[in-house]
Visitor: 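Please find one structure pasted underneath; my questions will follow.
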Amino acid sequence: MLVVCLLTVVPATFAQSTVPTDAPRDVVDAGIPPTPPASDAPDAGAELSAEELAEIQSALGADATQATLPASTPSPAPATSSGVLGAVQSLNADLSFILDASLAVFSDEEPLQAGAHDPTKTGFNFQQLEMSVGAAVDPYFRFDANIVFSQFGVEVEEAYAKTLDLPLNLQVRAGQFLTRFGRINPTHPHSWDFADQPFMLGRIFGGEGNRGLGVEASWLTPLPWFVEVIGSATDAAGGATARSFFGDRDLGVRTPLDFQLTGSVKQFFPLSDDLSLLWGLSYATGPNPTGHRNRTDVFGTDVYLKFRPVTVASNTVVALQAEVLYRRRQVPHDVLQDGGGYAQVLWKFAQRWGTAARYEFGTPAYGGQGQAAVDYLDPEWTDTRQRISANVTFWPSEFSRLRLQGAADMAKWREETGWSAFLQFEVLAGAHGAHQF
Amino acid sequence: MSRFLLLLTVVLGLVPTVARAALRVVTTVPDLAAIARAVGGDRVTVQSLALPTQDPHFVDARPSLVLDLNRADLLLAVGLELEVGWLGTLQTGARNARIQSGGRGFLDCSRLVERLGVPAGRVDRSMGDIHPGGNPHYLYDPRAAMRVARGIAERLGELDPEGKAAYAAGLQRFTSELEAARAGWEKRLASLRGMPLVTYHESFPYLASWLGFQTVAFIEPKPGIPPNPSHVAQVISLARSRQVRLVLQESYYPDTTVRLVADKVGAQFVRIPAGTDVRAGQSYREHIEEIVTLLERALKAKETP
């Protein structure tokens, strides 16, 4: 209707006056600003001098640095849901598609990328096409699923139901889900600040992140600040999802201890209106296939400190995030121990622009006496590995982004530093649910 | 030991005072909190999730807000997808069936008002951040606020039947005060009627429908899309040809471009406070009074150069 108005009713004398003064109000409000068709643009600009145009540009620049779309911060949430059919009541689930693809260059012939959705080879990389579906099932449950399409296959990354109304502040999830170990593990590439996943996650849990079929209970404690306690039991098998546990060698479930058991505590401290601190402690334990009743334990802690001024009209975001993991594996006649982690900072410095830097480290496996030991999962990993990554991201809107990332990967067992550069592109179409903080 | 007993006494002493209010009301934006407080009086505790200085489209789903919702008896939302990017996560995390979207303790206040800006025909996101159900910024219109207040009073009465009379009285007080003030406001801003205005975002269709001004252009080329030079140039030349005298923007947006446009056009820039400052004890009527005063001052400034 607005388009019709634009094309037919606009008086010629006011080429820019999109809505005639006697038009009904709802035309102006129709969700589309009354912008004339693009072809009118040159005429409209002609009245302004070059100086004025330069002034406009510098003012826009000033606003851009003053404000930042909170769009794709780690907690981005925005999504105009039910998209096309928003006005029409419907019982269909919210459905969205997220496409991540990248152009990558690696100096190594065999890059050490650990994530299943990382760019892994020089050339074009199809990282993933994620379909997320979410809806209330009934007054008692909510359903969410993430179906991931890779170039030649489909996988059910997550599909679970979550209770909405259990007593005692309890909540139960059942189905296939990413365990809530640490901060990055439960999230999808779409909400990451980097084009690839920290290598320690891939090394300890596998390329897909730690997940499995199982059940999870979480409890919101009645303390005056936010404390959530979470426990889950999941399938311990899967080379890309539970690598340090049964991994590829599924020995089956004979006792309850043959499940992976995960526990975590998340605490949140609203330090001020502008400053937030989230702190988590995580633990996972499960069987490993190296011998009868041999077990793997993983300990982790994560912090997330976010500065986002909301008391003034500036939406700059500065977010610090760090995670450390320590792993112990019982193997015949020994205990393998190793650790690693990452620390990263994101700075959104302009309305559509942000930059981030990340440092990662990982130790080799040591035996019970601290001696060097061979890691049966990563035999080549005989020394320390460090990686530094930095990127710049441009968000045309909160539904699309372009990211240029560079990294130097210093794995001491390799002769040379591995260099890489990615140009990643992501688009989101459809109604995407809100994100966690 | 005695210190422990003292602490225990203090803690136990606090519990009844905290728990005395009949209903815990949580609202997404401060304007709704101000209205709920006016209607509910002493029988409710009211809290807003967003600050008045915060863009309600983009609120962080901070876990501390989950706690507020966990204990809430009633959640008041603006609706029309204003909070779509953050409220759902909080509702699910709250583990509180009362305030889920289908519960008695959830009220989508947009159902209480006459919506403007409902797009006719097919929409998609190439049009920007559109709201398919209509424009959600209805709380700038005190007439809409009165309808919302009536709906809130009804719902409070359903949840707390003993307080029905008190809510009716609160509603009566709120409405008569606002109605009395409205006549004065309309008189003071009578010269706005029919006046062409430029605004930054599509924030003011309800204010326009109340005060009768015409919004001839938006500085954002599309909702949620930041302005670009050619669009700003178009807006300026249009505003000049229409002799626009006021340029409005909500207080949570960056204002350099808008000030420039106002300057180029020879118009007054008016920064509209985006929400009631409930923390400072401001009431909804005082919030609208502040907006009216700012508009009035800007109009006067133009009349006496």
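Chain naming here is simple, since letters A, B, ... match the order of the sequence lines and numbering starts at 1 in each. Both backbone and side-chain heavy atoms feed into the values below; hydrogens, waters and symmetry mates do not. The structure displayed is predicted, hence computed values, not measured ones.
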Visitor: Could you tell me whether a side-chain N or O of B/T53 sits under 3.5 Å from a main-chain N or O of A/V312, the two making a donor and an acceptor?
Guide: no

Visitor: Heavy-atom cut-off 4.5 Å, strictly under: side chain, backbone, both or neither for B/S251 against chain A?
Guide: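 Backbone only.
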
Visitor: If you count heavy-atom pairs under 4.5 Å with chain A, which of B/T199, B/L65, B/L260 comes out on top?
Guide: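 Top count of heavy-atom pairs under 4.5 Å with chain A: B/L260.
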
Visitor: What verdict does the side-chain contact (heavy atoms from CB on, under 4.5 Å) test give for B/F58 and A/V310, after you've listed the backbone C-alpha separation in whole Å, the side-chain angles of each residue and the deciding distance to 0.1 Å?
Guide: CA-CA 10 Å; B/F58 300 111; A/V310 292; over 6 Å; no

Visitor: Heavy-atom distances under 4.5 Å only: say whether B/Q54 touches chain A with side chain, backbone, both or neither.
Guide: both

Visitor: So A/I56 and B/K264, do their side chains get closer than 4.5 Å, heavy atoms only?
Guide: no

Visitor: State, yes or no, whether a side-chain contact exists between A/R352 and B/P226 at a heavy-atom distance under 4.5 Å.
Guide: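 Answer yes - side chains close enough.
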
Visitor: Chain B heavy atoms under 4.5 Å from A/L223: which part of the residue, side chain, backbone, both or neither?
Guide: backbone

Visitor: Less than 4.0 angstrom from a charged side-chain N to a carboxylate O is my criterion; do A/E398 and B/R125 meet it?
Guide: no

Visitor: Any side-chain heavy-atom pair from A/Q267 and B/P63 closer than 4.5 angstrom?
Guide: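 They are not in side-chain contact.
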
Visitor: Assess the residue pair A/L60 and B/T256 against the criterion (side-chain contact (heavy atoms from CB on, under 4.5 Å)); give the C-alpha distance rounded to whole Å, side-chain angles, the decisive distance to 0.1 Å, and a yes or no.
Guide: CA-CA 7 Å; A/L60 287 167; B/T256 320; over 6 Å; no

Visitor: Which region of B/R115, side chain (C-beta onward) or backbone (N, CA, C, O), has a non-hydrogen atom less than 4.5 Å from a non-hydrogen atom of chain A, or is it both or neither?
Guide: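 Neither part, no heavy atoms under 4.5 Å.
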
Visitor: Using a cut-off of under 4.5 Å on heavy-atom pairs, state which of A/T163, A/N169, A/L278 scores highest against chain B.
Guide: A/N169

Visitor: So, do B/T92 and A/K162 sit near enough that their side-chain heavy atoms are less than 4.5 Å apart?
Guide: yes

